[in-house]
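All heavy atoms count here, side chains included; hydrogens, waters and symmetry mates do not. Reminder, nothing fancy here: chain letters follow the sequence lines and each chain counts from 1.
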There are 2 protein chains.
Amino acid sequence: MTPSFAELKQNLKAKNINLSFQRLKVLEYLVNNRCHPSVEQIFSDLLKELPTLSKTTVYNTLRILTETGLVRSMTIDDNETRYDINTKNHGHFKCNSCHTIYDFYVDIDNFCSDDLKNFKIENKNVYFMGICPRCLTNKE
Amino acid sequence: MTPSFAELKQNLKAKNINLSFQRLKVLEYLVNNRCHPSVEQIFSDLLKELPTLSKTTVYNTLRILTETGLVRSMTIDDNETRYDINTKNHGHFKCNSCHTIYDFYVDIDNFCSDDLKNFKIENKNVYFMGICPRCLTNKE
DNA sequence: TCCGGTAGCTGTAATCATTACAAGTTTGCA
DNA sequence: TGCAAACTTGTAATGATTACAGCTACCGGA
């Protein structure tokens with residue numbers, strides 16, 4: 001369930017979103033860096049390649065991509081929003097020690113509650129926090 | 001699973017947290033207002049009762065209460081952190097129309113993934129977004 | 001080929017939640 | 001009673017995000 005760049009590009013065209021050069025680069029970055037980067041990370045990395053890039057453009061692009069549903073934004077206990085390509089059926093685990101965010105498989109689709117019978121659910125999120133294996137072994 | 005005020009107070013003493021007057025009031029507020037209030041809401045409501053209250057105190061208190069695990073902080077797609085008394089086994093649903101946050105029952109404890117075999121999980125969160133029944137009917 | 005308009009990009013300024021800090025106040029304990 | 005530590009308060013700083021205004025690039029029609 002990891003959509004290819006070509007698929008995403010087509011998906012955008014179908015939604016009448018113009019793929020400008022800068023937007024292409026942001027999208028490309030998200031496809032190649034599935035590490036839940038922050039705006040700051042995306043911006044400073046792309047700046048090496050596009051010295052005239054504006055941070056505002058990154059914000060704008062991410063907003064557009066998020067609105068179309070191609071990209072998912074999330075804030076896990078941080079003051080920084082993180083972004084990733086929207087793939088289904090996975091939760092996020094954030095390590096409280098190294099702050100890395102891991103994906104893990106979870107069957108969210110079949111995960112519902114009777115309390116929400118009359119609710120229209122548009123978006124499901126699962127995130128855990130704790131210590132990742134790497135940090136656990138480093139402590140010993 | 002809604003702890004009483006007396007229980008919470010005892011819980012705090014056990015953790016060597018001094019219950020100052022202001023902290024008491026913040027805790028009391030959270031017990032009486034289980035609507036996931038923001039700092040701004042807590043502060044401005046308590047200000048009526050405690051005109052000398054400082055917003056910094058509210059922030060400090062919430063940090064302490066969160067660290068002890070009595071209070072849970074969450075940011076659902078907002079730029080404002082919300083707080084509630086930490087009760088187990090429930091997820092949050094945020095209405096995209098009226099922005100109300102609902103609790104719903106969910107069996108989080110039995111909700112794990114093989115991918116996280118070697119992770120130490122300290123905290124589990126489930127939140128959904130969509131439209132609540134009230135807003136759904138109002139639209140018609 | 002030229003022109004006009006629109007969409008997109010850029011950079012600065014403003015906003016707003018949160019945190020840092022320093023000084024005043026209260027509390028607990030000897 | 002007095003001291004030290006813990007709390008509170010208010011202001012200033014920080015830092016992510018948004019607003020905005022001007023500039024640029026592209027596209028369609030004459």
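- Of the possible donor and acceptor atoms, none in the side chain of A:Glu49 sits under 3.5 Å from a partner among the backbone N and O of A:Leu46.
- More than 12 heavy atoms of other residues, nucleotides or ligands shown are found within 6.0 angstrom of CG on A:Asn32.
- Across residues 47-57 of chain A, A:Thr56 each have a non-hydrogen atom less than 4.0 Å from an atom of DNA chain D (numbered order).
- Using cut-offs of 30° and 60° for the angle between ring planes, the B:Phe128 and B:Phe104 rings count as tilted.
- Between the P atom of D:dA25 and the CZ atom of A:Phe21 lies a distance of 13 Å, rounded to the nearest Å.
- Closest to the side chain of B:Ser20, from the set C:dG8, D:dC7, D:dT9, is D:dC7.
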With ring-ring contact (aromatic ring centres under 6.0 Å, His included) as the criterion, how do A:Tyr127 and B:Tyr127 come out once you've worked through the C-alpha distance, each side chain's angles and the decisive distance to 0.1 Å?
CA-CA 8 Å; A:Tyr127 68 85; B:Tyr127 69 84; 5.7 Å; yes

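- Across the protein-nucleic acid pair, B:Phe43 atom CZ and D:dT9 atom C1' stand 10 Å apart, rounded to whole Å.
- The 5' end of DNA chain D is approached more closely, in terms of each residue's nearest nucleotide, by B:Gln22 than by the other of B:Asn79 and B:Gln22.
- At least one side-chain nitrogen or oxygen of B:Tyr59 sits closer than 4.0 Å to the OP1 or OP2 atom of C:dT18.
- Rounded to whole angstrom, the span from the CD1 atom of A:Ile17 across to the P atom of C:dT6 amounts to 19 Å.
- In this structure the side chain of B:Cys35 never reaches within 4.5 angstrom of the side chain of B:Thr100, judged on heavy atoms.
- The CD-C1' distance, from A:Glu80 to C:dT18, rounds to 14 Å in whole Å.
- The distance from atom CD1 of A:Ile64 to atom C1' of C:dC9 is 11 Å, rounded to the nearest whole Å.
- OP1 or OP2 of D:dT18 has not a single side-chain nitrogen or oxygen of A:Arg63 nearer than 4.0 Å.
- As rounded to whole Å, 15 Å separates atom P of D:dC7 from atom CG of B:Leu62.
- Between A:Leu19 atom CG and C:dC9 atom C1' the separation is 15 Å, expressed in whole Å.
- Per the geometry, CD belonging to A:Glu40 stands 14 Å off C1' belonging to D:dT14, to the nearest Å.
- Phosphate contact (OP1/OP2 of C:dT18, side-chain N/O of B:Thr81, threshold under 4.0 Å): present.
- Under the 4.5 Å side-chain heavy-atom criterion for grouping Ile, Leu, Val, Met, Phe, Trp and Tyr, A:Tyr105 is not connected to B:Phe119 through any hydrophobic cluster.
- In this structure, of C:dC9, D:dC7, D:dT17, it is D:dC7 that holds the atom nearest to the side chain of B:Asn18.
- The CE atom of A:Met74 lies 9.0 Å from the CG atom of A:Asn125; values are rounded to the nearest 0.5 Å.
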